[in-house]
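Structure first, commentary second.
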Amino acid sequence: MQNLYIRELGIKYLHECLNRFNGSTGYLLLFFLLCVFLYFKGSEKEKKLFVPVAVIMGITVYNPLFPVIIAKVTDVSNEYYRFFWITPVIVLVPYMITKFILFIFDKENNDTNKKLYLVLGIVVIIFCSSFVYKDGFKIAENIYKMPNELIEISEIIHADSNDEYPKAFMDYEYNMMMRQYDPKMLLTIDREDYLYAVSRDYSTDMIYDKEKPQYRILAFLARGQVFETKTVLDGFDMTGTEYIVLETGNQAIDRLLNAGLSKVAETENRTILKYELKDKKPFELVDYSEVYANGW
């Protein structure tokens, strides 16, 4: 994960990874406790679905030694957390809680210990998770679950550009969000380059590398490294970057304006700049019609 490296943390990596991704290890503990419960009290189908998988996961994915062993073959520090997405943790826990709620409120079930079960269930849920209002109860600004400002920026750029697929550089937060919201917004920096940029400086050789012009853009706009502005402008030309979206107040804005860029608009927290490309080449989607016509 971002800023977490197996070779540096060793067996502590998994714990740090879980804390960052899950908020704590309590939810994971609840999963394994429920698997133990299913082993003794679950139906045959539930046992076959969840218990063997939990054993395999305990030996591999959630074994602190496992990422260390994998790292000896290949570095998976930035990808290891993806294992959490394919595991049944997020399926079993809500499934069992739903069964528990139905059991408690089943009028045909006359178990005299219902109230005790309810209290114990609430205690377990509280200690194995976070309160929904821990960071304040937030209502989504729109149906896209994205900041209104991000949507506004997208609309401004599309309205200003003559291209169906304009290309833009954005700060890390909005770069990550824009790729989810607007498929017609081409982004100069991909996720992996940004993950590197937030944790490492760029060497002189990297900044002047003509095969990786995005490095000079990140060095200047994300890392704040100081070098001649022309090198950055060359990076815009080589990557085809026409729009630059920065947080208002970023010191790079004045340097870019002095270098000839124009201000398109300002939103609540961002400033949108435009660079006139020397050799503009509109982006075109690959035409796969001939491939499909041949039977693929």
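As the structure is a prediction and not an experimental result, all values here were calculated from the model. All values below come from the heavy atoms of this structure, side chains included, with hydrogens, waters and symmetry mates left out.
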Are the side chains of [X] and [Y] in touch, meaning some heavy atoms are under 4.5 Å apart?
X: Leu256; Y: Leu221; answer: yes
X: Pro88; Y: Tyr95; answer: no
X: Phe50; Y: Leu34; answer: no
X: Phe220; Y: Arg255; answer: yes
X: Leu92; Y: Leu38; answer: yes
X: Asp234; Y: Arg216; answer: yes
X: Ile153; Y: Met170; answer: yes

Legend entry - Ring-face cation contact, Tyr5 with Arg200, 6.0 Å cut, 45° max: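 Yes, Arg200 sits over the ring of Tyr5.
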
Inset, instruction - Please state whether the rings of Tyr275 and Phe236 are parallel, tilted or perpendicular, taking 30° and 60° as the class boundaries. - result: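 Plane angle between 30° and 60°, so tilted.
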
Inset, instruction - Mind telling me whether Tyr196 and Tyr202 have parallel, tilted or perpendicular rings, with 30° and 60° as the class edges? - result: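 Tyr202 and Tyr196: tilted rings.
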
Inset, instruction - Quick one: pull up OG in Ser161 and CD1 in Ile156 and give me the separation to the nearest 0.5 Å. - result: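 Separation between the atoms: 13.5 Å.
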
Legend entry - Ion pair check, Asp171 and Arg270, cut-off under 4.0 Å: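 Salt bridge present between Asp171 and Arg270.
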
Legend entry - Derivation of the side chain to side chain donor-acceptor pair (under 3.5 Å) call for Tyr174 and Glu149: CA-CA 10 Å; Tyr174 273 22; Glu149 184 181 32; 2.8 Å; yes

Inset, instruction - Under the salt bridge (charged side-chain N to carboxylate O under 4.0 Å, His left out) rule, collect the residues that match up with Lys99, sequence neighbours excluded. - result: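 Here the qualifying residues are Glu46.
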
Inset, instruction - Output all residues satisfying salt bridge (charged side-chain N to carboxylate O under 4.0 Å, His left out) with Asp163, sequence neighbours left out; order by chain, then residue number. - result: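 Lys280.
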
Inset, instruction - Starting from Ile56, walk the hydrophobic network (Ile, Leu, Val, Met, Phe, Trp, Tyr; side-chain heavy atoms closer than 4.5 Å) and list everyone else you reach, by chain and number. - result: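 Besides Ile56, the hydrophobic cluster comprises nothing; the residue is isolated.
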
Legend entry - Ring center gap for Tyr80 and Phe83 short of 6.0 angstrom: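 Distance test on ring centres: under 6.0 Å, yes.
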
Inset, instruction - Show your reasoning for whether ring pair (Phe, Tyr, Trp, His ring centres under 6.0 Å) applies to Tyr62 and Phe84. - result: CA-CA 9 Å; Tyr62 294 112; Phe84 304 156; 5.6 Å; yes

Legend entry - Steps toward side chain to side chain contact (heavy atoms under 4.5 Å, CB included) verdict (Leu49, Val91): CA-CA 11 Å; Leu49 279 173; Val91 175; over 6 Å; no

